[in-house]
Engineer: 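Have a look at the structure that comes next, please.
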There are 2 protein chains.
Amino acid sequence: MLSHKAKYALKALLYLAEQDENHISKTIEIADGANIPKKFLEQILLDLKRGRFVSSKQGKFGGYYLIKSKNDITLAEIHRLFDGAIALLPCASLNFYEPCSDCKTESECSLHHGLVLIRDKTLKAMEGITIASLVKK
Amino acid sequence: MLSHKAKYALKALLYLAEQDENHISKTIEIADGANIPKKFLEQILLDLKRGRFVSSKQGKFGGYYLIKSKNDITLAEIHRLFDGAIALLPCASLNFYEPCSDCKTESECSLHHGLVLIRDKTLKAMEGITIASLVKK
DNA sequence: TATAAATTCTATAAATATAGTATAGTTTAG
DNA sequence: CTAAACTATACTATATTTATAGAATTTATA
């Protein structure tokens with residue numbers, strides 16, 4: 001399941017993607033438009049900035065805008081940024097790999113192989129969902 | 001990500017599936033064999049019993065055994081029993097459906113459709129992984 | 001050029017929920 | 001009487017979600 005943070009991040013990106021190019025959206029505008037608690041959204045936007053999905057302009061008339069193409073922002077990336085690994089266990093994860101403490105060896109672990117299969121399929125599906133694919137036409 | 005509970009449940013089922021038919025395994029035996037904290041495992045086995053995956057015999061010489069075919073126990077079912085919905089948000093879930101409070105209507109929600117796509121794919125993948133498919137030959 | 005206003009940015013607190021584990025016992029069957 | 005499942009609960013730690021308070025930065029304007 002997605003955390004609220006990840007869900008709100010997606011909705012915020014979607015909001016930004018729907019604006020005219022060169023438009024700068026301030027937080028309160030996004031919060032109202034996408035129905036997100038403003039102060040929570042501030043933190044999320046900063047995370048998105050650190051992840052180089054958006055950039056910001058400070059001061060009066062400042063705000064946020066996309067710096068990554070909406071075709072290149074995938075659900076998989078947002079999931080990883082806010083909710084971490086896509087795999088069902090760390091031992092099956094590409095980006096958040098960790099060995100299980102309760103397995104002797106990975107090849108002996110009967111779960112490992114099945115979980116890698118699942119990871120490959122969900123990853124492929126999640127990489128197919130982009131912000132652009134979600135934007136209402 | 002799977003909770004430890006779900007992971008341990010899978011390993012316990014796997015252990016049971018590897019035993020001879022008619023063999024009854026006591027908790028401590030499964031705990032040692034699959035490297036699971038015994039008291040935690042007790043709770044998990046009871047959950048599996050309530051879910052009608054295993055049954056038990058009480059008293060001396062008691063223990064647990066599978067009552068569902070290993071071909072019919074899927075990762076999807078275990079996920080649902082211990083970790084709930086497979087979908088990324090409740091509004092996209094079949095078995096744990098709940099509307100989002102922050103969306104006006106579902107059809108207007110730009111996330112909804114994409115998340116249903118993902119759910120269908122991961123569900124299909126998870127239903128393909130059975131205990132039988134995981135058991136070492 | 002100084003000041004005020006609008007905004008992002010930072011840090012932290014609080015409330016709630018969840019996860020994981022441990023404790024202590026009751027009940028049942030052999 | 002003993003070994004096992006079963007029940008209840010309590011504790012600890014962590015994560016999540018949201019809120020609070022203010023610092024820093026930019027721009028407009030007097």
Side-chain angles (χ1 to χ4, degrees), chain A residues 1-12 16 23-32 34-67 79 81-85 88-90 96 98 100-102, chain B residues 1-9 11-12 16 23-32 35-67 79 81-85 88-90 96 98 100-102:
Chain A
M1 296 277 278
L2 289 180
S3 65
H4 281 218
K5 236 176 168 172
K7 173 169 105 172
Y8 289 155
L10 287 169
K11 292 179 98 174
L16 291 178
H23 177 70
I24 290 188
S25 310
K26 46 192 177 181
T27 309
I28 187 70
E29 191 185 317
I30 306 174
D32 288 350
N35 221 28
I36 304 170
K38 176 174 179 268
K39 275 294 181 180
F40 198 19
L41 179 59
E42 281 187 18
Q43 293 173 43
I44 293 165
L45 287 168
L46 287 171
D47 287 337
L48 286 172
K49 186 181 176 183
R50 285 184 207 108
R52 306 193 172 281
F53 294 96
V54 305
S55 189
S56 66
K57 190 162 169 320
Q58 283 200 120
K60 205 169 179 179
F61 303 110
Y64 290 90
Y65 51 95
L66 278 187
I67 52 169
H79 190 285
L81 183 60
F82 292 95
D83 294 348
L88 287 172
L89 287 183
F96 297 83
E98 266 182 71
C100 292
S101 56
D102 57 331
Chain B
M1 296 276 278
L2 289 180
S3 66
H4 281 214
K5 237 175 167 171
K7 173 169 106 173
Y8 289 153
K11 292 179 96 173
L16 291 177
H23 177 71
I24 289 189
S25 310
K26 45 191 179 183
T27 309
I28 187 71
E29 192 186 314
I30 306 173
D32 288 348
N35 221 27
I36 304 170
K38 177 174 178 266
K39 274 293 180 183
F40 199 16
L41 178 58
E42 280 188 19
Q43 293 175 42
I44 293 164
L45 287 168
L46 287 171
D47 287 337
L48 286 172
K49 186 181 177 182
R50 285 183 207 110
R52 307 192 171 280
F53 294 96
V54 305
S55 190
S56 65
K57 191 163 170 317
Q58 283 199 122
K60 205 170 180 179
F61 304 111
Y64 290 91
Y65 51 95
L66 278 187
I67 52 168
H79 190 286
L81 183 60
F82 292 95
D83 294 348
L88 288 173
L89 288 182
F96 298 83
E98 267 182 69
C100 292
S101 56
D102 57 330

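A note on names: the letters A, B, ... follow the listed sequences, proteins ahead of strands, and every chain is numbered from 1.
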Engineer: Let me know the distance between CG of A:L45 and P of C:dT10, rounded to the nearest Å.
Structural biologist: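 Checked: the CG to P distance equals 13 Å.
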Engineer: Does any part of the side chain of A:K7, heavy atoms only, come nearer than 4.5 Å to the side chain of A:F82, both counted from C-beta?
Structural biologist: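 Of all side-chain heavy-atom pairs linking A:K7 with A:F82, none is under 4.5 Å.
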Engineer: What integer distance in Å separates B:K38:NZ from C:dT23:P?
Structural biologist: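 The answer, rounded to whole Å, is 13 Å.
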Engineer: Write down the distance between CZ (A:F40) and C1' (C:dT10), rounded to a whole number of angstrom.
Structural biologist: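 It is 16 Å, rounded to the nearest whole Å.
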Engineer: Salt bridge or not between B:K39 and B:E42? Use side-chain N to carboxylate O under 4.0 Å.
Structural biologist: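 Yes, charged N to carboxylate O under 4.0 Å.
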Engineer: Report the residue (A:K5 or A:E42) whose heavy-atom-nearest nucleotide on DNA chain D is the more 5′ of the two.
Structural biologist: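 On the 5' side of the pair lies A:K5.
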Engineer: Kindly determine whether A:H79 and A:L2 satisfy side chain to side chain contact (heavy atoms under 4.5 Å, CB included), including the steps that lead there.
Structural biologist: CA-CA 7 Å; A:H79 190 285; A:L2 289 180; 3.5 Å; yes
Engineer: Would you please confirm or rule out a distance under 4.0 Å between OP1 or OP2 of C:dA19 and any side-chain N or O of B:Y8?
Structural biologist: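 B:Y8 to C:dA19 OP1/OP2: no side-chain N or O under 4.0 Å.
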Engineer: Sort me out a list of protein N/O and nucleotides 11-13 of chain C N/O pairs below 3.5 Å, or just none if empty.
Structural biologist:
none

Engineer: Distance check, rounded to the nearest 0.5 Å: B:Q43 atom CD versus B:T27 atom OG1?
Structural biologist: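 Separation between the atoms: 11.5 Å.
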Engineer: Salt bridge check: are A:K5 and A:D47 linked by an N-O gap of less than 4.0 Å?
Structural biologist: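 A:D47 and A:K5: salt-bridged.
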Engineer: Is there a side-chain contact between B:S25 and B:H23, using heavy atoms and a 4.5 Å cut-off?
Structural biologist: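 Yes, at least one pair of side-chain atoms sits under 4.5 Å.
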Engineer: B:R50 and B:L46: side chain to side chain contact (heavy atoms under 4.5 Å, CB included), yes or no, with the steps?
Structural biologist: CA-CA 6 Å; B:R50 285 183 207 110; B:L46 287 171; 3.9 Å; yes
Engineer: Only one of B:L48, B:I24, B:L45 clears side-chain contact (heavy atoms from CB on, under 4.5 Å) with B:Y64; which?
Structural biologist: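 The option that passes is B:L45.
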Engineer: Given atom OH of A:Y65 and atom P of C:dT7, what is their separation to the nearest angstrom?
Structural biologist: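 Distance check: A:Y65 OH to C:dT7 P gives 16 Å.
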Engineer: Could you tell me from which nucleotide to which nucleotide of DNA chain D, 5' to 3', there is an atom under 4.0 Å from chain A heavy atoms?
Structural biologist: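 For DNA chain D, the relevant span reads D:dT17 to D:dA28.
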Engineer: Please give, in whole Å, the distance from C:dG20 C1' to B:D83 CG?
Structural biologist: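 Taking atom C1' of C:dG20 as the reference, CG of B:D83 is at 13 Å.
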Engineer: Among pairs that include at least one residue of residues 53-62 of chain A, which meet side-chain hydrogen bond (donor to acceptor under 3.5 Å, both in side chains), considering only residues two or more places apart or in two chains?
Structural biologist: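 For residues 53-62 of chain A: A:K49-A:S56.
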Engineer: Do the non-hydrogen side-chain atoms of B:K38 and B:D32 ever get within less than 4.5 Å of each other?
Structural biologist: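 No, too far: nothing below the 4.5 Å cut-off.
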Engineer: With a 4.0 Å cut-off on heavy atoms, is A:F82 in touch with a base, just the backbone sugar-phosphate, or nothing at all?
Structural biologist: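 Contact class for A:F82: none.
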Engineer: Bend angle of the helix from C:dT1-D:dA30 to C:dG30-D:dC1 from five-pair axes at both ends, rounded to 10°?
Structural biologist: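 Result, rounded to 10 degrees: 0°.
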Engineer: Does the pair B:L89 and A:M1 meet the rule for a side chain to side chain contact (heavy atoms under 4.5 Å, CB included), with working shown?
Structural biologist: CA-CA 6 Å; B:L89 288 182; A:M1 296 277 278; 5.7 Å; no
Engineer: With a 4.5 Å heavy-atom cut-off, do B:F53 and B:L16 have their side chains touching?
Structural biologist: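 Contact flag for B:F53/B:L16 side chains = no.
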Engineer: In whole Å, what is the span from the NZ atom of B:K26 to the C1' atom of C:dT28?
Structural biologist: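 Distance check: B:K26 NZ to C:dT28 C1' gives 16 Å.
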Engineer: Figure out the CD1/P separation between B:I36 and C:dG20, and round it to whole Å.
Structural biologist: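 After rounding, the gap between these two atoms is 13 Å.
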Engineer: Can you list the residues that meet the side-chain contact (heavy atoms from CB on, under 4.5 Å) rule with A:F61, with sequence neighbours excluded?
Structural biologist: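 Here no residue qualifies.
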Engineer: Going by number, which of residues 46-62 of chain A have a non-hydrogen atom under 4.0 Å from DNA chain D?
Structural biologist: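 Heavy-atom cutoff 4.0 Å gives A:K57, A:Q58, A:G59, A:K60, A:F61.
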Engineer: Between CG of A:N35 and OH of A:Y8, what distance do you get to the nearest 0.5 Å?
Structural biologist: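 Here the rounded value is 7.5 Å.
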Engineer: Let me know the distance between CD1 of A:I28 and P of C:dA5, rounded to the nearest Å.
Structural biologist: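 For the pair A:I28 CD1 and C:dA5 P, the rounded distance is 19 Å.
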